[in-house]
There are 2 protein chains.
Amino acid sequence: MAHPIPRNTRQKAAIRGVFEAHDRPLSPQEVLEFAQARVARLGIATVYRNLKSLVQEEWLTPVAMPGGAVLYEMAGKNHHHHFQCDRCHRVYEVKGCVPAVNRLGGSGFKVQRHEVILYGICAACRGRRRN
Amino acid sequence: MAHPIPRNTRQKAAIRGVFEAHDRPLSPQEVLEFAQARVARLGIATVYRNLKSLVQEEWLTPVAMPGGAVLYEMAGKNHHHHFQCDRCHRVYEVKGCVPAVNRLGGSGFKVQRHEVILYGICAACRGRRRN
DNA sequence: CGGCTCTTGAGATCGTTGTATCATTCTTAC
DNA sequence: GTAAGAATGATACAACGATCTCAAGAGCCG
């Protein structure tokens, strides 16, 4: 009720496995598709339920993208940012930062954190013709 | 039909006036509220219609924020970024940039543009107690 | 194994945002 | 001023993502 005793289900293990196999932020739909290769009849509701509980356990972190998509990535990573491919729309992690960005706010704003999103063409799409 | 002859309506003028009076990106709801001070019975559908046409005329530019909100600001500004206040959630323009951000992608990504969003507390909210 | 109860799967439902409809009002040209 | 038709306002509707319901299935403990 208030504190149900959690169980280890194949579904949740499959979802964790998907994040371990793909080192980039994933959408709920992507998680569903990848995890269905491991648990055939997996449903979208189960994906949402487990994403939520994995966030509560701090095993995942939500990544809100401009446009409204909310992706998830494994928690506990060092400070980093993201790159989104204009062609395939996949999002990748970009290591490093330019600390000077926090000074962009000048004196009028008390800046506490920041997001940087790069856009362009990813290596995979550059290699191919299209998509 | 294909090219209706546009007319200058009080509503559209009011909406333009709202953006000229507030030098920051505004949500459709904010536009509605501010513009209703000028045209009392203004409806939300008219706001959406005029936002769309002002974007087509390139008088406005959409600003997609993480979380899904799409705001609008006057077009033609110099390269800049945005600050969102964690308290009042208003978004402000931040002039300047750190060009080095485009190099964060390394050699794996062909970076064509970027977004920087700063978060913290705005001057107005710092002056007040709350909200 | 047996059973308690947590979790799942399928679909219905919700909430939000933006669009379509259509009678009415307003702008513009003459 | 008048008429043609573009724009408005009120509301219904659509689209989408996410959540809820509940019977059925499965994990865990003894």
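Here is the naming used below: chain letters follow the sequence lines, and residue numbers restart at 1 for every chain.
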Side chain A/Glu30, main chain A/Ser27, donor-acceptor under 3.5 Å: yes
In Å, rounded to the nearest 0.5 Å, how long is the span from NE2 of B/His82 to CG of B/Leu71? 8.0 Å
Strictly under 6.0 Å, is that where the ring centroids of A/His81 and B/His114 end up?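 Ring-ring flag for A/His81/B/His114: false, centres at least 6.0 Å apart.
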Quick check on the 6.0 Å ring-centre criterion: do A/Phe83 and A/Tyr119 meet it?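 Centroid distance A/Phe83-A/Tyr119: not below 6.0 Å, so no.
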Pair [X] + [Y]: basic N to acidic O under 4.0 Å:
X: B/Glu57; Y: B/Lys12; value: yes
X: B/Glu73; Y: B/Arg24; value: no
X: B/Asp86; Y: A/Lys110; value: no

Cluster question for you: counting only ILVMFWY and a side-chain heavy-atom cut-off of under 4.5 Å, with indirect links fine, are A/Val116 and B/Phe109 together?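 Same hydrophobic cluster.
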For the hydrophobic clusters of this structure (ILVMFWY residues joined by side-chain heavy atoms under 4.5 Å, transitively), does one cluster hold both A/Ile117 and A/Val101? no
Check: protein-nucleotides 24-27 of chain D nitrogen or oxygen pairs below 3.5 Å:
from	atom 1	to	atom 2	distance (Å)
D/dG27	N2	A/Arg7	NH2	2.8
D/dG27	N3	A/Arg7	NH1	3.2

To the nearest Å, how far apart are B/Lys12 NZ and C/dT27 C1'?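 It is 13 Å, rounded to the nearest whole Å.
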Distance, rounded to the nearest Å, where A/Gln29 contributes CD and D/dA15 contributes P: 17 Å
Connecting only ILVMFWY residues whose side-chain heavy atoms lie within less than 4.5 Å of each other, what is the rest of A/Tyr48's hydrophobic cluster?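 Under the 4.5 Å side-chain rule, A/Tyr48 groups with A/Ile15, A/Val18, A/Phe19, A/Leu26, A/Val31, A/Leu32, A/Phe34, A/Val39, A/Leu42, A/Ile44, A/Val47, A/Leu51, A/Leu54, A/Val55, A/Trp59, A/Leu60, A/Val70, A/Tyr72, A/Met74.
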For DNA chain D, whose closest nucleotide is more 5', that of A/Pro6 or that of B/Val39? B/Val39
By side chain to side chain donor-acceptor pair (under 3.5 Å) - contacts of A/Gln84 (at least two apart):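 Checked A/Gln84 against side chain to side chain donor-acceptor pair (under 3.5 Å); zero matches.
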Five pairs at each end of the helix from C/dC1-D/dG30 to C/dC30-D/dG1: take the axis at both ends and give me the angle between them to 10°.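 Terminal axis comparison yields 40°.
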Locate the shortest heavy-atom distance separating A/Ala124 from A/Arg90; write the atom from each residue and the value. CB-NH2, 4.2 Å
Pull out every protein N or O sitting under 3.5 Å from an N or O of nucleotides 10-17 of chain C, one pair per line with the distance.
from	atom 1	to	atom 2	distance (Å)
C/dA10	OP1	A/Arg41	NH1	3.4
C/dA10	OP1	A/Arg41	NH2	2.1

Looking at residues 50-69 of chain A, who's got a heavy atom less than 4.0 Å off DNA chain C?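 By residue number: A/Asn50.
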Please check if atom CZ in A/Arg103 has more than 12 non-hydrogen atoms from other residues, nucleotides or ligands closer than 6.0 Å.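 Atom CZ in A/Arg103 is not crowded, with 12 or fewer foreign heavy atoms closer than 6.0 Å.
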